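What follows is one structure encoded as C-alpha cells, with my remarks underneath.
What you are looking at is a predicted structure, and each value in this text was computed from that prediction instead of being measured.
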Amino acid sequence: MAAQIRALVSGQWLADAVRNNLVGPKLRILDTSWYLQKTKRDPRAEFAQKHIPGSSFFDIDDCCDKNSALDHMLPTSSHFSQYVGDLGIGNDTHVVVYDTSDFGSFSAPRVWWMFRLFGHSLVSVLDGGMKNWLDDGYPVTSEYSKPEQREFKTAMNHSWVKSYEDLLENTRTKQVQVVDARSAGRFRGTEPEPRDDTLPGHFAGAINMPFTSFMDASGKELGTEDLSKLFREAGVDLEQPLWASCGSGVTACHVVLAAHLLGHPGVCVYDGSWSEWFKRALPDHIITEGEGKKV
C-alpha cells in the first residue's frame, strides 16, 4: 500500500502492476498529455494509436472551466467529480498519471496536483513518463475499453489556488516567494511566448526555475539532494510560503511536485499564470528585456 502515497512510481512498478492485471477500480492509469498548439501534436490521436495498457485519456482542455477566457482553468468540484468518475475513478482508486512529452514529464504533474487539490491523495506521477516507458521496452497498446463509472466525492482545498489579485497584492507586500517555471528566455523577455497574443517577461519578485531543471537528461525526476540544491541555489526557502506560476498553470505544478518530494506539500499555484497576468497587468507591472506591453 505504500506505493499509493508515493508521489512518483517507477516504470518497473507500473509494468509489474499491468502484468499482474491490477489495473481496475483500485488502480487507474491516465494519459494526461497536453501540448501547446504550436507543437501541432494531437494527444488524443496519439493515445488512440498507443498508450500504456489499461490507461484512459484525461484532457485538461475538457476537464476545465469552459466559461473562462483563459486556457484550461480549474473546473468546478462537481465537474471534476463527474469527469473522473466517468474514468472509473473512486475515492479508493490509486491514480497514476503520465504524459508522452519528449521532456519525460510536462503536463502530468498538473493532473497530479488537480487530484490532490480536489482532496485525492492516492495519486502518483509515472517517473520519466511514456518516454522512459518506451525506452525501457515496456508494452503499449491501441486497445481501449471504457472503465465502469464510479462515484467520486471531492473536497477542494481552495487555499492552494491563487488569483491575479493575490499576485498583484504580493508584488506590493512581497510576503510570499513566487517561482516561475517557464524557460529563462520567456522569463527574461528574450524568447517569444507560445501564444501569439502574449509577450514574454515576468512580474516583480518572481524567481525563475525552469520546469525542465527538475528532471535529469533522461526525463526522470532528480533525487532529493539535487532538488534541495536547486531550490537553495535559486534562493527559495521551502520552510516559507511558496507559490508557483508558469504560462498557463501547467508546468508550475513541477514546482509543487518537487517541493512535495522534499517534504513540503502545499505549494500554491497561480492558475491564470503569465497568460492572465500579461492580459490584465499594467505595462509597468511587466518586467522584460524585450518589447514591453503597449497601453
Legend entry - Any donor-acceptor N or O pair under 3.5 Å, side chains Ser33, Glu46: no
Is it true that [X] and [Y] make a salt bridge, defined as a side-chain N closer than 4.0 Å to a carboxylate O?
X	Y	result
Glu169	Arg172	yes
Glu193	Lys38	no
Asp180	Arg186	no
Lys153	Glu151	yes
Asp226	Lys229	no

Inset, instruction - On the 0 to 90° scale, with breaks at 30° and 60°, tag the His202-Phe187 ring pair as parallel, tilted or perpendicular. - result: parallel
Working to the nearest 0.5 Å, report the span between [atom1] of [X] and [atom2] of [Y].
X	Y	atom1	atom2	result
Asp31	Met130	CG	CE	6.5 Å
Asp271	Leu117	CG	CG	8.5 Å
Ser124	Trp13	OG	CH2	6.5 Å

Heavy atoms, side chains only, cut-off 4.5 Å: are [X] and [Y] in contact?
X	Y	answer
Ile286	Trp277	yes
Val269	Leu74	no
Ser55	Phe47	yes
Val236	Ile207	yes

Check: [Y] main-chain N/O paired with [X] side-chain donor or acceptor under 3.5 Å:
X	Y	answer
Ser275	Gly272	no
Tyr83	Asp59	yes
Asn170	Leu167	no
Arg116	Val123	no
Trp133	Pro139	yes
Lys162	Ser159	yes
Arg280	Glu165	no
Lys131	Phe103	no
Glu221	Gly128	no

Inset, instruction - Treat each ILVMFWY residue as a node, draw an edge where side-chain heavy atoms are under 4.5 Å apart, and state whether Val179 and Leu262 are in one component. - result: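 Same hydrophobic cluster.
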Inset, instruction - Please check if Met156 and Val267 belong to a single hydrophobic cluster, counting links between Ile, Leu, Val, Met, Phe, Trp and Tyr side chain heavy atoms closer than 4.5 Å. - result: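 Both belong to a single hydrophobic cluster.
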Legend entry - Name of the residue among Asp99, Thr100, Asp42 meeting side chain to side chain donor-acceptor pair (under 3.5 Å) with Tyr35: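 It is Thr100, the one option of Asp99, Thr100, Asp42 that forms the side chain to side chain donor-acceptor pair (under 3.5 Å) with Tyr35.
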Inset, instruction - Report yes or no: is the cationic atom of Arg110 (NZ for Lys, CZ for Arg) under 6.0 Å from the centre of the six-membered ring of Trp34, at an angle within 45° of the ring normal? - result: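 No, Arg110 does not sit over the ring of Trp34.
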Legend entry - salt bridge (Lys or Arg N to Asp or Glu O under 4.0 Å) between Asp135 and Lys220, intermediate numbers included: CA-CA 12 Å; Asp135 287 348; Lys220 289 184 178 172; over 6 Å; no
Legend entry - Residue list, ring pair (Phe, Tyr, Trp, His ring centres under 6.0 Å) with Tyr98, at least two apart or on another chain: none
Legend entry - Phe152 and Phe118 aromatic centres sub-6.0 Å: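 Ring-ring flag for Phe152/Phe118: false, centres at least 6.0 Å apart.
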